[in-house]
Amino acid sequence: MDAITGVLAKELGARQIRVNSINPGIVETEGTHTQGFIGSDFEKAFVAQTRSAGSGQPDDIADIAVFLASDASRWLTGENLVAGGGLR
């Protein structure tokens, strides 16, 4: 994903198209519930390694996406934003 983001940003920059990606950590969704991640030992271990109080929520990722779509991020391109609650 990092490579594709960088290549597309370089390729499309001349057309004033910015390309960035969001790399989310564990986010509480229907899918993570269905797969059994939420409430599991895996989730607890993940949260223990982060600076946050729990798994991410869809709104946490949506806020980042809105920022990237706005003029406030006009100088960002080719970036991969890690949204993992502080886990790297």
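Bear in mind that the values here come from a model prediction, so they are computed numbers and not experimental data.
Residues G85 and T50 approach most closely at O-CB, 3.3 Å, considering heavy atoms. Nearest heavy-atom pair, G25 versus F46, reported as atom, atom and distance to 0.1 Å: CA-CZ, 4.0 Å.
Interatomic distance, NZ of K10 versus OG1 of T77, reported as 12.0 Å (0.5 Å rounding). Note that CD1 of I4 and OG of S21 are 9.5 Å apart. Values are rounded to the nearest 0.5 Å. Atom CG of residue D63 and atom CD1 of residue I22 lie 10.0 Å apart, to the nearest 0.5 angstrom. Between atom CG of residue L81 and atom CG of residue N23 there is a gap of 9.5 Å, rounded to the nearest 0.5 Å.
Note on V19 and L76: separate hydrophobic clusters, where clusters join Ile, Leu, Val, Met, Phe, Trp and Tyr whose side-chain heavy atoms are under 4.5 Å apart, directly or indirectly. Criterion: ILVMFWY side-chain heavy atoms under 4.5 Å apart, direct or through other members. Under it, V27 and I38 are not part of a common hydrophobic cluster. Taking hydrophobic clusters as Ile, Leu, Val, Met, Phe, Trp and Tyr residues chained together by side-chain heavy-atom distances below 4.5 Å, V47 shares a cluster with F37. Hydrophobic clustering, with ILVMFWY side chains joined whenever heavy atoms are under 4.5 angstrom apart, keeps I61 apart from V82. Cluster annotation: L68 and V66 are assigned to distinct hydrophobic clusters (Ile/Leu/Val/Met/Phe/Trp/Tyr, side-chain heavy-atom contacts under 4.5 Å, transitive).
If you check the side chains of N80 and T5, you find no donor sitting under 3.5 Å from an acceptor.
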Donor-acceptor contacts, no H, no angles, side chain residues 53-60, under 3.5 Å, sequence neighbours left out:
| unit_1 | atom_1 | unit_2 | atom_2 | d |
| --- | --- | --- | --- | --- |
| S55 | OG | E43 | OE2 | 2.5 |
| Q57 | NE2 | E28 | OE1 | 3.1 |
| D60 | OD2 | Q57 | N | 2.7 |

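Side chain of R18 to backbone of L12: no donor-acceptor contact under 3.5 angstrom is found.
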